[in-house]
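Written out below as structure tokens is the structure these notes cover.
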Amino acid sequence: MKKIAIIAVTEKGLEKALIIQKEFPKSLVITTLNSSDKNVSTISSISNYLTDNFLKLDGICFVTALGICVRLIAPYIQDKNIDPAVISVDDLGLNVQAVLSGHKGGANDFSLKVASVLGANPIISTSSDVQNIWALDTLANQFDWQVVTSLSMNKTMALFVNNKPTALLLDIKDKGTQHLEKTVPNFVTVFYDETEIDYTQFELFIAVSYKVYTSTIASVFFIPKVLSVGSGCSKQLDSVLFETTLKEELKSRNIHFSAIKNVGSIDIKAQQQAYLDFSTKNNIPFSTFTSDEIDTITVPNPSEMVQSKIGVDGVSESTAMLLSGSKNVLIEKQKIHLENGEKFTFSIALDVKAERRTAIAIIGAGPGDEELITVKGKAYLENADCVLYAGSLIPEEMTNWCKPGAVVRNSAMMTLEEQIAVMQEHYKKGNAIVRLQCGDPSLYGAIQEQMTIFDELEMEYFIVPGISAFSAAAAVLKSEFTIPEVVQSIVLTRGEGKTPMPPKESIAAFAATNATMCIFLSVGIAKKVEAQLLEHFDANTPVAVMYRISWKDEEIYQGKLENLAKIVKDSKKTRTVLIIVGHAIGARKNRSQLYSPDVKHIFRTNKKFVVTE
């Protein structure tokens with residue numbers, strides 16, 4: 001919400017309004033009371049203000065009795081599609097109630113936000129919110145889907161909130177479908193293949209798909225933009241004929257036109273008017289690719305004629321695949337001859353990110369504490385069919401989150417080839433696979449060699465970042481590793497032991513910056529590391545030798561740099577140790593500018609937002 005008015009009619013209400021305003025910096029505080037506060041707008045009549053501004057506002061927060069709120073807005077209410085979100089807060093800030101436009105206008109979310117600011121009780125009466133089930137009328141906007149219903153949305157929602165048996169079909173995968181899968185009500189059955197649905201067992205059909213289905217029951221179609229259209233054409237192409245014919249072709253194949261995400265062609269067609277008109281009219285991005293880019297794609301239907309004329313094997317299939325990132329096409333090249341003698345080809349591919357297929361999740365498990373895995377990483381771990389984890393570096397307690405029946409293997413005694421064989425076996429079955437790495441996978445995680453093999457085997461994968469040991473070290477030391485005017489950089493590195501360092505990287509070279517040094521995998525050469533650090537750091541520089549940070553048997557040793565080697569020796573620790581060096585350890589000085597009352601920034605401009613009469 002951008003345009004918000006907070007209306008108060010009592011002194012206590014005004015106090016609460018000013019607290020709320022701090023969470024909505026550009027909002028207006030409106031009152032008929034006299035006030036010396038420069039953030040308050042004093043007006044003569046709230047009714048007159050609402051007459052002029054009701055439909056111009058995104059949200060209105062009344063800090064008044066509910067009855068006053070209702071009487072004031074009653075003359076201006078029109079339709080839930082255009083009415084602003086209206087909420088009511090009592091003078092003491094005990095309760096916050098959504099009054100108008102709970103879903104469409106966002107009053108429910110507005111109420112929850114204001115309630116959290118005041119520590120108040122949010123009162124939401126919308127049936128779907130009370131039951132904690134999906135608000136069908138806002139899902140499309142929430143996940144950037146188009147929506148088509150066989151009945152009115154109100155009638156459709158009535159079926160849903162009355163918990164009528166519902167079939168949910170998911171043809172694609174995105175954030176929206178993942179949300180639906182995680183929050184399925186008990187009266188909803190999820191399907192991934194429409195042919196498996198017995199419509200006689202359901203009263204409502206919900207589909208998230210680019211496909212058109214004919215259902216015998218009430219239906220809601222959420223249409224994601226996941227299709228890429230590649231096209232080539234003759235020199236002249238009529239804009240109207242191109243669009244109408246393409247729509248007819250999609251309709252005949254039971255594909256929603258509104259599922260088109262983008263359209264593309266070869267760069268010599270960059271100024272083709274039909275493509276430009278299509279893009280502008282339908283707000284669909286149009287992109288072109290060079291011959292060299294197109295030549296990187298192996299198309300299903302190469303054309304000798306196209307090769308002889310423009311030097312590539314094909315345009316429509318290759319550009320659809322380039323746009324989508326997919327190695328496959330949904331619709332192979334179609335040759336269309338128009339009634340005016342012109343020609344064009346088209347092909348369609350599904351966005352690779354929307355394909356419902358398995359992929360290996362390389363997940364950062366965090367530094368050791370099983371609760372320091374990210375929420376996203378934990379969710380993948382809980383749903384995995386196969387989990388490989390480095391037992392020496394990851395607490396076994398973390399595997400307790402794995403579901404019953406999952407294959408959970410400690411990779412510590414396995415070769416890389418053995419690990420790949422296990423993952424490949426599950427990958428071929430379409431099972432969900434997690435490779436659990438300690439800390440953050442990007443730091444000393446040895447994942448590049450795994451990804452090389454995945455690429456060679458054409459196995460899809462993705463990375464979920466994790467909390468690194470250096471972040472956990474800062475937390476344990478109760479330190480900020482970047483202190484204004486003292487140190488503004490952090491170096492993550494290792495000393496040179498059996499594994500050689502690149503020629504331009506050394507402890508001494510980095511120490512010259514006096515940045516906060518986080519030194520991994522170097523406890524065995526502590527004496528050498530100490531000598532290199534002392535070339536540039538003062539001997540009294542604070543150091544911390546940190547063993548198994550955040551584990552149950554964590555041990556921390558602190559002292560001065562001149563004693564680093566002795567600290568390590570006395571600790572008797574030979575592995576899983578992180579060494580921290582720098583003046584930031586334990587520092588408590590040099591206030592930042594971020595929260596200074598004398599400094600303005602984008603979120604705190606010190607500008608007053610008021611209205612005048």
Side-chain angles (χ1 to χ4, degrees), residues 1-78 80 82-102 105-125 595-613:
M1 291 183 188
K2 294 182 179 179
K3 300 176 182 178
I4 294 175
I6 307 166
I7 299 174
V9 297
T10 67
E11 294 291 345
K12 289 188 179 295
L14 196 55
E15 291 175 8
K16 292 294 182 286
L18 288 167
I19 293 172
I20 296 167
Q21 187 188 39
K22 289 184 180 297
E23 291 297 319
F24 304 94
K26 296 183 180 180
S27 60
L28 295 169
V29 173
I30 306 290
T31 186
T32 53
L33 301 172
N34 291 323
S35 174
S36 60
D37 193 305
K38 294 180 180 179
N39 291 295
V40 175
S41 299
T42 298
I43 60 175
S44 59
S45 168
I46 293 174
S47 293
N48 290 344
Y49 175 78
L50 292 176
T51 299
D52 296 334
N53 295 283
F54 187 77
L55 293 178
K56 296 177 183 178
L57 294 167
D58 298 316
I60 306 174
C61 174
F62 283 88
V63 190
T64 67
L66 178 60
I68 294 174
C69 164
V70 171
R71 284 193 294 272
L72 283 169
I73 67 172
Y76 311 106
I77 297 173
Q78 294 190 26
K80 70 177 182 179
I82 61 172
D83 289 334
V86 178
I87 67 174
S88 176
V89 182
D90 62 82
D91 280 359
L92 297 181
L94 300 177
N95 299 289
V96 182
Q97 180 154 347
V99 179
L100 186 68
S101 295
N108 292 351
D109 291 337
F110 193 15
S111 295
L112 293 171
K113 174 69 173 177
V114 172
S116 68
V117 171
L118 299 175
N121 176 42
I123 301 172
I124 310 293
S125 57
Y595 297 110
S596 170
D598 300 320
V599 176
K600 300 177 183 179
H601 55 68
I602 187 171
F603 297 109
R604 193 178 64 246
T605 63
N606 292 346
K607 181 179 178 181
K608 311 303 178 191
F609 292 91
V610 294
V611 295
T612 56
E613 290 191 338

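Basis for what follows: all heavy atoms, side chains included, without hydrogens, waters or symmetry-related copies.
- Within the model, atoms OG of Ser111 and CG of Asn95 stand 11.0 Å from one another, a figure rounded to the nearest 0.5 Å.
- Note: Asn108 CG to Ser125 OG = 7.5 Å, rounded to the nearest 0.5 Å.
- Interatomic distance, Leu118 CG to Glu23 CD, rounded to the nearest 0.5 Å: 9.5 Å.
- Residues Tyr49 and Leu57 are in side-chain contact: their nearest non-hydrogen atoms beyond the backbone lie under 4.5 Å apart.
- Here Ile68 contributes atom CD1 and Ile73 contributes atom CD1; the two are 12.5 Å apart, rounded to the nearest 0.5 Å.
- When Val99, Val96, Ile87 are each tested for a side-chain contact (heavy atoms from CB on, under 4.5 Å) with Cys61, only one passes: Ile87.
- Within the 4.5 Å cutoff, the side chain of Leu14 has heavy atoms near those of the Val29 side chain.
- Of the possible donor and acceptor atoms, none in the side chain of Thr42 sits under 3.5 Å from a partner among the backbone N and O of Asn34.
- Looking only at side-chain heavy atoms (C-beta outward), Tyr76 and Ile60 stay at 4.5 Å or farther from each other.
- Of all non-hydrogen atoms in Ala17 and Ala8, the two that sit nearest each other are CB-CB, 4.2 Å.
- In this structure, Asp83 contributes its side chain and Gln78 its backbone to a donor-acceptor pair below 3.5 Å.
- Distance CD1/Ile6 to NZ/Lys16: 13.0 Å, rounded to 0.5 Å.
- Atoms CG and CD1, from Leu33 and Ile43 in turn, are 10.5 Å apart once rounded to the nearest 0.5 Å.
- Side-chain contact check for Phe110 versus Met1: some heavy-atom pair is nearer than 4.5 Å.
- Side chain of Ser27 to backbone of Ile4: no donor-acceptor contact under 3.5 angstrom is found.
- Contact check for Ile46 versus Thr32: side-chain heavy atoms found under the 4.5 Å cut-off.
- Between Asp91 and Val63, the closest heavy-atom pair is OD1-O, 3.5 Å.
- Across every non-hydrogen atom of Ala98 and Ile124, the tightest pair is CB-CD1, 4.1 Å.
- When all heavy atoms of Ala85 and Ser101 are compared, the closest pair comes out as CA-CB, 4.1 Å.
- In terms of heavy-atom proximity, Pro84 sits nearest to Gly59 at CB-N, 4.3 Å.
- Between Thr64 and Leu72 there is no side-chain heavy-atom pair separated by less than 4.5 Å.
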